[in-house]
Amino acid sequence: MTGLADPIDKGEPQSLKVFVIEDEMVLRNLLVDALRSIPGVEVLFYADNEVSATNWLSSHDSAWDLAVVDLHLRQGSGVGALNCCITRREDQRVVVLSGQLSQEVRLKCLALRADAVFDKATEMDDFLAYCRALAGPPPAAVPGMP
């Protein structure tokens, strides 16, 4: 038990709770807006450096469903956050969303148990499709409603 209220018990739809690690404010705002536009996604918190990210992950280990990690931060690296997530629950997902990813870096991220690795510049649509799939199917249309 996580200590959080179970939304299924209240008849509420479950949401995909996302933690974002991104230091570029403009990109982070665009990313958060894009994530929030996906039905069922809730952005819980963001961090812009390694210390904040690892502190939040350590003190909220069961609160999130998806961590989105940028490797290149102004202070520290997203690798520390990846290391912090190695002991996560089976249902929690970690995605690296970073720039200039070589094959070697992709393999290292996967070795650190990242579930997926996406390049910010060329794979943003794939990343958002991945998030939509995690969030589940869109709510069914209500008859008589547009």
Side-chain angles (χ1 to χ4, degrees), residues 1-140:
M1 196 83 198
T2 64
L4 298 175
D6 185 356
I8 294 176
D9 292 342
K10 296 181 179 182
E12 298 172 13
Q14 282 188 312
S15 62
L16 179 69
K17 294 171 179 58
V18 181
F19 174 50
V20 175
I21 303 166
E22 171 61 59
D23 63 338
E24 294 293 332
M25 186 176 68
V26 172
L27 182 56
R28 182 179 59 239
N29 290 342
L30 290 170
L31 179 60
V32 167
D33 287 346
L35 288 168
R36 286 182 175 154
S37 74
I38 299 171
V41 171
E42 176 186 357
V43 178
L44 295 177
F45 194 73
Y46 72 84
D48 61 4
N49 63 72
E50 182 179 356
V51 171
S52 294
T54 56
N55 285 344
W56 193 89
L57 286 164
S58 296
S59 60
H60 296 86
D61 60 343
S62 295
W64 56 276
D65 302 310
L66 172 65
V68 180
V69 180
D70 181 13
L71 295 178
H72 307 287
L73 304 173
R74 283 193 191 113
Q75 295 177 335
S77 166
V79 173
L82 280 176
N83 282 324
C84 212
C85 294
I86 286 178
T87 59
R88 68 185 182 268
R89 294 186 329 255
E90 269 188 47
D91 62 324
Q92 290 174 310
R93 300 288 175 254
V94 177
V95 170
V96 172
L97 180 65
S98 203
Q100 303 173 345
L101 294 168
S102 67
Q103 187 63 18
E104 180 182 343
V105 171
R106 286 177 187 268
L107 292 173
K108 181 175 181 174
C109 292
L110 295 171
L112 289 171
R113 292 195 56 222
D115 295 290
V117 181
F118 299 99
D119 188 290
K120 289 179 193 177
T122 61
E123 299 173 317
M124 188 62 79
D125 289 340
D126 294 335
F127 164 73
L128 292 173
Y130 180 91
C131 293
R132 280 190 290 278
L134 287 179

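We're numbering straight along the sequence, starting at 1.
When ring centroids are compared, F45 and W56 come within the 6.0 Å threshold.
More than 12 heavy atoms of other shown residues, nucleotides or ligands fall within 6.0 angstrom of atom NZ in K120.
Under the side-chain contact (heavy atoms from CB on, under 4.5 Å) criterion, F127 pairs with L31, L35, V68, V95, L97, F118, M124, C131, not counting sequence neighbours. The side-chain contact (heavy atoms from CB on, under 4.5 Å) test applied to T122 returns D119, not counting sequence neighbours.
How far OG1 of T87 is from CZ of R113: 8.0 Å, rounded to the nearest 0.5 Å. Rounded to the nearest 0.5 Å, atoms OG (S98) and CG (L73) are 8.0 Å apart. The structure places CG of L30 at 10.5 Å from CE of M25, a figure rounded to the nearest 0.5 Å. Taking NE2 of H60 as the reference point, atom CG of L44 lies at 8.5 Å (rounded to 0.5 Å). L134 contributes atom CG, which lies 6.0 Å from atom CG of L66 (distance to the nearest 0.5 angstrom).
In plain terms, the two heavy atoms of D23 and R74 that are nearest each other are OD2-N, 2.7 Å. The two residues L71 and C109 come nearest to each other via the heavy atoms CD1-SG, 3.7 Å. Contact record, A53 with A81: CB-CB, 4.4 Å, taken as the closest heavy-atom pair. Residues D115 and Q92 approach most closely at OD2-O, 3.9 Å, considering heavy atoms. In this structure, L16 and A135 approach most closely via the heavy-atom pair CD2-N, 4.0 Å. Residue R89 comes nearest to D61 through the heavy atom pair NH1-O, 4.2 Å, listed as atom of the first residue, atom of the second, then distance.
Proximity of a side-chain donor or acceptor of E42 to a complementary backbone N or O of K17 within less than 3.5 Å is not detected. Remark: the backbone N or O of E24 is paired with a side-chain donor or acceptor of E22 at under 3.5 angstrom. At distances below 3.5 Å, not a single donor-acceptor pair connects side-chain atoms of S52 with backbone N or O atoms of D48.
A heavy-atom distance below 4.5 Å is not found between the side chains of R88 and R93. Two residues are said to be in side-chain contact when any heavy atoms from C-beta on lie closer than 4.5 Å; H72 and D70 meet this criterion. The closest side-chain heavy-atom distance from F19 to C85 is not below 4.5 Å.
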